[in-house]
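Naming convention: chains lettered A, B, ... in sequence-line order (proteins, then strands); numbering from 1 in each chain. Values in this document were obtained by computation on a predicted structure and should not be read as measured data.
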Amino acid sequence: MSGKPKLHYFNGRGRMESIRWLLAAAGVEVCLYGSLLFQQVPMVEIDGMKMVQTRAIGNYIAMKYNLYGKDLKERALIDMYVEAVIDLNELLMTHILQPADKKEQHLATIVDKATNRYFPVYEKVLKDHGQDFLVGNHFSRADVQLLETLLMVEEIKPDILAKFPLLQSFKARISNIPTIKKFLQPGSQRKPPLQEKDLPKVMKIFH
Amino acid sequence: MAGKPKLHYTKGRGKMESIRWLLAAAGVEFEEEFIETKEDLEKLRNDGVLMFQQVPMVEIDGMKMVQTRAILSYIAAKYNLYGKDLKERAWIDMYVEGTTDLMGMIMYLPFQPADTKEKNLALIIERATTRYFPVYEKALKDHGHDYLVGNKLSWADIHLLEAILMAEECKPDILSAFPLLQAFKGRTSNIPTIKKFLQPGSQRKPPTDEKFVAIVRKIFNI
């Protein structure tokens with residue numbers, strides 16, 4: 001198994017999921033590891049480094065597998081789009097941590113931000129250039145991370161893309177890219193949403 | 001004055017301060033337009049210049065860039081502060097993420113409820129001295145160079161200096177167990193562009209006090 005990136009995390013989505021998506025989209029086979037505890041995870045053993053920090057890992061993978069645009073300006077756009085998606089992902093990740101009496105309000109916030117702040121931007125980007133991918137008419141990390149987030153938001157509100165026809169076709173199109181299609185099938189390394197019953201176990205790991 | 005980057009933010013540090021540091025260290029002159037009221041923020045939003053309705057926003061090279069990390073990465077790459085290859089970039093990214101986490105904790109401190117301040121301050125000091133600073137101290141020890149990555153000034157060094165100074169504002173002797181970081185601080189502070197930024201009258205912003213917290217809460221409705 002030497003040479004393949006090795007992922008250290010618990011067996012859930014958390015901050016590692018975006019990295020799994022990127023590696024899968026780039027067609028990179030990974031070596032599975034169980035749950036390991038370090039001062040901080042995610043940790044990915046790749047190319048002789050023990051990389052930590054989600055963004056650093058994501059940047060490295062994106063650059064290495066040519067998913068980061070062709071120049072500085074494309075990278076800037078990709079970064080802007082990805083950072084916003086990360087913000088929305090953070091909201092989603094913290095949803096399960098909300099106390100029962102705050103959950104509904106939190107869900108409303110997620111839906112509001114998704115439909116009023118974030119999705120309109122991506123819908124407009126696709127409308128303005130009419131191309132298949134967000135940046136540079138070329139598949140990039142921005143497309144991967146946006147698809148990941150679209151699917152996660154749909155898990156909590158299935159009709160969330162009702163007002164975004166271009167995002168709907170984007171979702172279908174990107175989902176059909178062979179490496180991504182494979183990742184979306186059962187048996188892949190994609191992780192399911194965290195269940196309430198597993199929350200105490202995860203909390204114990206990260207206290 | 002076409003050509004100078006223009007920063008849109010409040011008059012405080014917040015998420016824009018690291019951007020000010022990086023531009024200053026790179027020797028890049030920049031302009032600032034301050035958001036002083038809720039109406040100022042609304043105007044920016046209504047003008048459609050904030051991609052996700054948020055600041056920081058930096059007008060640079062014909063773009064209206066948003067998202068702090070995106071802006072910093074662009075500046076670092078443009079001014080050759082991002083390493084010479086992919087692996088150096090990886091190290092710089094890892095180091096910067098660590099200092100970002102630490103400075104994030106410090107940034108939010110003035111906004112925490114009064115009864116949690118002491119506990120949060122203690123956590124900041126603990127994290128700084130047991131999780132973050134040891135990593136940078138060891139990096140400097142292992143290679144014995146003046147800079148964190150590639151024996152050359154990079155974004156990682158500038159960001160670390162900013163974090164050290166912020167941490168010292170929380171606890172003046174916080175570097176007592178880290179001799180190499182002390183030397184690093186002395187050395188890096190003496191780089192001419194950074195030395196200039198550290199002098200009174202520069203665009204560096206002061207720590208956030210209670211009065212400013214009230215202003216920020218009003219502007220952002222938090």
Side-chain angles (χ1 to χ4, degrees), chain A residues 5 15 38-40 42-66 68-69 71-88 90 112-114 116-122 124-125 128 134-135 141-142 145 207, chain B residues 5 15 45 48-54 56-83 85-102 104 123 126-127 130-132 134-135 138 149 155-156 159:
Chain A
R15 295 185 187 284
F38 296 89
Q39 261 233 51
Q40 277 189 321
M43 191 271 267
V44 175
E45 294 182 59
I46 184 168
D47 296 341
M49 298 181 287
K50 288 179 164 54
M51 286 200 73
V52 294
Q53 295 292 349
T54 314
R55 276 186 181 87
I57 299 164
N59 286 355
Y60 184 79
I61 295 166
M63 281 290 256
K64 181 174 177 177
Y65 295 103
N66 295 311
Y68 220 157
D71 58 28
L72 205 45
K73 286 224 168 163
E74 285 195 355
R75 224 162 73 185
L77 275 177
I78 290 169
D79 275 342
M80 284 192 268
Y81 297 154
V82 166
E83 284 297 306
V85 151
I86 288 173
D87 284 350
L88 185 52
E90 288 280 323
D112 175 50
K113 290 253 160 85
N116 293 319
R117 176 174 287 190
Y118 296 111
F119 291 173
V121 173
Y122 301 107
K124 184 178 191 298
V125 166
D128 285 352
L134 284 171
V135 179
R141 167 195 202 181
Q145 318 264 219
H207 69 92
Chain B
K15 288 181 191 271
R45 285 174 170 160
V49 297
L50 302 179
M51 189 183 283
F52 299 103
Q53 314 309 319
Q54 292 172 314
M57 189 271 273
V58 174
E59 298 181 63
I60 184 168
D61 297 339
M63 298 181 288
K64 290 178 168 51
M65 285 199 74
V66 294
Q67 298 293 345
T68 312
R69 199 58 172 69
I71 297 165
L72 287 166
S73 294
Y74 181 79
I75 296 167
K78 182 175 176 177
Y79 295 102
N80 294 313
L81 293 166
Y82 219 158
D85 57 28
L86 200 47
K87 285 227 167 158
E88 285 193 356
R89 232 187 98 142
W91 282 106
I92 291 167
D93 277 341
M94 284 190 270
Y95 290 146
V96 161
E97 286 300 300
T99 39
T100 298
D101 285 351
L102 178 58
L123 182 62
E126 190 210 317
R127 285 277 155 87
T130 62
R131 176 176 287 189
Y132 296 112
V135 170
K138 183 178 190 299
V149 179
W155 173 18
H159 216 243

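When all heavy atoms of B/A90 and A/A56 are compared, the closest pair comes out as O-CB, 4.3 Å. Across B/M65 and A/M80, no two heavy atoms sit closer than the pair CA-SD, 3.7 Å. The shortest heavy-atom contact between A/A76 and B/A70 is O-CB, 4.3 Å. Closest non-hydrogen pair, B/A77 versus A/R75, comes out as CB-NH2, 3.3 Å.
Heavy-atom distances place both the backbone and the side chain of A/V52 under 4.5 Å from chain B. For A/K64, the parts sitting under 4.5 Å from any heavy atom of chain B are the backbone and the side chain alike.
One N or O on the side chain of B/K87 and one on the backbone of A/D47 form a donor-acceptor pair closer than 3.5 Å.
If you tally non-hydrogen atom pairs under 4.5 Å between each of A/A84, A/G48, A/P120 and chain B, the highest count goes to A/A84. Between chain B and the residues A/N116, A/V121, A/I86, the largest count of heavy-atom pairs under 4.5 Å involves A/V121.
Residues forming a ring-ring contact (aromatic ring centres under 6.0 Å, His included) with A/Y60 (at least two apart in sequence, or on another chain): none. Applying the ring-ring contact (aromatic ring centres under 6.0 Å, His included) rule to A/Y118 yields the partners B/F52; only residues at least two apart in sequence or on another chain are considered.
Side-chain contact between A/D87 and B/Q67 is present, with heavy atoms from C-beta onward closer than 4.5 Å.
Interatomic distance, B/L72 CG to A/D79 CG, rounded to the nearest 0.5 Å: 10.0 Å. A distance of 11.5 Å separates OG1 of A/T54 from CG of B/D93, quoted to the nearest 0.5 Å. A/L72 CG to B/Y82 OH: the interatomic distance, rounded to the nearest 0.5 Å, is 10.5 Å.
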Note to self: The test is salt bridge (charged side-chain N to carboxylate O under 4.0 Å, His left out); show your working for B/R69 and A/E83 and say whether it passes.
What the structure shows: CA-CA 7 Å; B/R69 199 58 172 69; A/E83 284 297 306; 5.5 Å; no

